[in-house]
Structure formats: structure tokens, C-alpha cells
Amino acid sequence: MDMHTVVVGTSGTTAEDVIAVARAGARVELSAAAVSALAAAREIVDALAAKPEPVYGVSTGFGALASRHISPELRAQLQRNIVRSHAAGMGPRVEREVVRALMFLRLKTVCSGRTGVRPEVAQTMADVLNAGITPVVHEYGSLGCSGDLAPLSHCALTLMGEGDAEGPDGVVRPAGELLAAHGITPVELREKEGLALLNGTDGMLGMLVMALADLRSLYTSADITAALSLEALLGTDKVLAPELHAIRPHPGQGASADNMLRVLAGSGLTGHHQDDAPRVQDAYSVRCAPQVNGAGRDTLAYAGIVADRELASAVDNPVVLPDGRVESNGNFHGAPVAYVLDFLAIAAADLGSITERRTDRLLDKNRSHGLPPFLADDAGVDSGLMIAQYTQAALVSEMKRLAVPASADSIPSSAMQEDHVSMGWSAARKLRTAVENLGRIVAVELYAATRAIELRAAQGLSPAPASLAAVEALRAAGVEGPGPDRFLSPDLAAADAFVRSGKLVAAVEPVTGTLA
């Protein structure tokens, strides 16, 4: 595991810290301020627990059962029972990075001093993360209201030494065995603590943070591949002029246009068609790439604002306020996060759609301006990239289905106490699939565009230096170019890995400078 350390304080966390813990295995430590805040809030909860008046979450049942006052001798059992009963997820296991993200984000809220959890419980959460123990969490079970209850419950089970978890060796074993093997004592939950471990938007937020990081990289790659396709299609780069985008000042649009213009600098292909077959203007999929890519970039920017606000939040119910009150609230509702998760899926679907249209244009001899059918070396004897475009089209079709908003749905639960829910977890799960698909879609365009660039070079034209750098880097990564003995079985998986690794951006930036 990475020995980089993330210190959890009282004022939230950053997206970078979430990714460091979730993906890089960074260690977690509690700050002295967090330990003090935890102890102070716990004193308030203990004082309320000693009073005869019922306090929600401390001395009552939960949800539709909140009207029942729980006697002191049953409260520890109540906290254990809420974890056990809520750990009712089903379906495939959720990815390790998602589970680590949601555990870390729950710890972030616990350390705010607004939940009433004891310091030793928070320390156990950190110890489990640091040991590389990952609770088994299932795909289905969260409605995104009252937080991601079922996923967080499966994590809380592990803290109690119950249920199953994956060890650092990747083997799933009983959680109690794993804790013992790492010298971690299972927690004995007290008043408020079971509820505090379950009541947050941590799963959907963790997936949002990681999707944003992945999409920011993919949008830069998509600008590059759009530029390569424009060049291979002998399109004009005049539509990328800064003065054109300044009169419609959407920030993302300007950034995408600038990226594309820098990739195309020095090209001998752009506008070449004007010499012998004049076109008034290029097709929308070529000409409007900055507008579509840029709109997605602006959606990412808004989603990032929402994520940052949520990362700075303490989401629990009830919460311990600075003046000592313990108040019920609705801050656990996932709507703010759910909406942007759905917005991102819509933007990603549209980016995938315009990307596929450019690929199809590259393969069609009637629209590609001198390229061979399907970019085949010997069309008819071999099919070139015909079926690569089929694959891309199938992915785009699924992207459109994934763009249907989850947050527009609500199914009441808990005997109508929780009668309007966010479905944010579902929005996050489908966005993860959409992000994976988008990477594949961009990779197919890259595969086709670089092949077309090489064919143009063989025709005696001079591609842009950045385009040639992309081609060379792709070939160096083992993805072969056109020729009689090559490319008969398109290596799309290798192209996808090339895009996801950031190698495409890294290949062109020495020529273009840093891209947005």
C-alpha cells in the first residue's frame, strides 16, 4: 500500500484525498483536533442518553419506529441491531475502490464532531482502512435517502467483526478473522453510533469524485481525438479560432477549441480539400466538437462544485450542533449529488454520440474525402474497421440508456416515513458504467483517426506534429498501424488502455503544451 498519509480533520476533505485513499491505498490518520471534537460531541450524547426525555437516534427507534423510547439496557442492542438489519444488500460485489471511498468519507463526517461517535470508533475505521480490509458491499440496497444505508451497514458490520470482508491479499474471509489477524479489536457500539455509521451520502459521493477525475481526463483525450479526426477528414481549423468562441463565452467550449487548435498546429491537412473539392463547411460532428465537448466540460465544473460542497459537509441525522443541541434534519437526502451524477451521464452519452459519428465518417468512402472504405488495406479482402464501428455504436446505444435519469424516480419506503428518495446510489452506479464505456468509445475514434492520419501521410500530406506524436506513442504501446499484414484484428482493448492510462495526453503535450 502507498505510504502517503491523509490526515482527517474536522472540516471535511478533498477530492484528491478521497482518490488517494480509494485508489492508491493512502494511510489515514486522525488529527488531534478531530479526536478532541469527537470526545466533546460524545460528552453531549452521553449527557442526553442519561436523561429521561427521548432523543431521536440516542434513545428512540429509527425511521417509522422513531416513536418508541428505548430503555438504557437495550440501547447497545439497538445499535447492533440497526447495523445487522440494514446490511441487507444483494447482488454483485461493489468495487474495492468504491468501498474504500465510502468508508473514508463516512470517517470524514464522523471526525467532524457532529455525529456523537466516540474517538475509538473513528480510530477503528482508520485502522480497517490502513490494514487494507475491504468489507463486502453489494450492488443493490441503497435508495440514496437516509444515505447509502445498506452499503454503509455492510461496512459497519466489519467494524463489529461480523459479515465478510476482503483482506489485503484479495481473499474474502469472515471479518472477525481479518480484524484479529491485524490486531484490531471489534467495536462495541453505544448510543447513536450505529445510526451515525449508516446515515450518509458517502457511496454516491465517492463514486462522483472518482467519476469526475476520470471524466476530466477523458474530455481532454476526446478533444485530441476530435482534432485528429478533423485533420484526417481534411476539415478546416478556422472554426476553432479564439475570436469565434469569445463571442459565445462558455468556458468549456473555449477550452476545448483551444485544445483542438493546439493539436492541429502546423498541420498540412486542415483545409486541404479547398484546393480541389470545396466545401462550404464541415459536418456538425466535426465543426461543433468544441461546443459539445465544452458543454460537457462545463457540466463537469458544476458537478465539481457540488462535490466540493458535499466533501465539506457533515451528513448525519441527528447531528450534534456547536451549541450542544442534537437535532433531527434532512441533510442525508441525496438529491444534490444524484442530480449531478445524472447530468454527467447525459453529457457523457452526448460526447460518445458525437465521437461515434466522426468515426463513421472516417470509414465511409463517400464522406471521408479520399480515404479507403473502412480504412481497410485491401477493402473487400479485409473489412478494415467496419466492425470496430459496430462495437462503438453498441456502446453509444448503451450510453443513451444509461443517460436516463435515476434521480427522476422515487419509491417510498419505511412505511411512508421516507416517502421521497433520491436514487443517488443508482445514478452513481450507472455513471461508473457510462465512464467505462466512454473510454472505449474515445479509444475507437483514436484507433480510426490515427490509422487515417497514417494513410494521409502515405498520400504525401503532412499531419500536425502533435498528431504524429499521438500515432507514434500509440504504436510504441503495441497498437499497430495499417499495412498488409497488420490491423486485421483491431486491438481496441489496447487502445482503450492507452487512453485510460493518460498516455494519449502525455504523448501530445510535449508538442502542444499543457492541455485543459
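Since the model is a prediction, treat every value here as computed from it, not as a measurement.
- Under the 3.5 Å distance criterion, the side-chain polar atoms of Asp164 are left unmatched by any main-chain donor or acceptor of Val172.
- With respect to Arg80 and Glu162, no salt bridge is recorded, no charged nitrogen being found less than 4.0 Å from a carboxylate O.
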Go through the steps for Glu191 and Arg118 under the test salt bridge (charged side-chain N to carboxylate O under 4.0 Å, His left out), then give the verdict.
CA-CA 10 Å; Glu191 291 94 342; Arg118 289 169 295 149; over 6 Å; no

I would like to know whether Lys400 and Asp350 meet salt bridge (charged side-chain N to carboxylate O under 4.0 Å, His left out); could you show each step before the answer?
CA-CA 8 Å; Lys400 293 174 182 178; Asp350 198 35; over 6 Å; no

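- Side chain of Thr220 to main chain of Ala516: a donor-acceptor pair is present (N/O by atom type, distance under 3.5 Å, no hydrogens or angles).
- Between Ser313 and Thr109, every side-chain heavy-atom pair lies at or beyond the 4.5 Å cut-off.
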Where do Asp316 and Lys192 land on the salt bridge (charged side-chain N to carboxylate O under 4.0 Å, His left out) test, with the steps shown first?
CA-CA 11 Å; Asp316 194 17; Lys192 176 72 171 68; 2.5 Å; yes

Candidate pair Glu166 and Arg93, rule salt bridge (charged side-chain N to carboxylate O under 4.0 Å, His left out), full reasoning
CA-CA 11 Å; Glu166 180 185 292; Arg93 284 181 57 193; 2.7 Å; yes

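- Under the 4.0 Å criterion applied to side-chain N and carboxylate O atoms, Arg500 and Glu436 are not assigned as salt-bridge partners.
- For the residue pair Asn293 and Ser256, no side-chain donor N or O sits within less than 3.5 Å of a side-chain acceptor on the partner.
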Evaluate the side-chain contact (heavy atoms from CB on, under 4.5 Å) criterion for residues His138 and His154: first the C-alpha distance (whole Å), next the side-chain angles of each, then the deciding distance (0.1 Å), finally the verdict.
CA-CA 8 Å; His138 301 280; His154 284 280; 3.8 Å; yes

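- Looking at Thr5, Asn130, Val6 one by one, the single match for side-chain contact (heavy atoms from CB on, under 4.5 Å) with Glu29 turns out to be Thr5.
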Pair Arg23, Val18 - check side-chain contact (heavy atoms from CB on, under 4.5 Å), show working.
CA-CA 8 Å; Arg23 290 181 165 170; Val18 174; over 6 Å; no

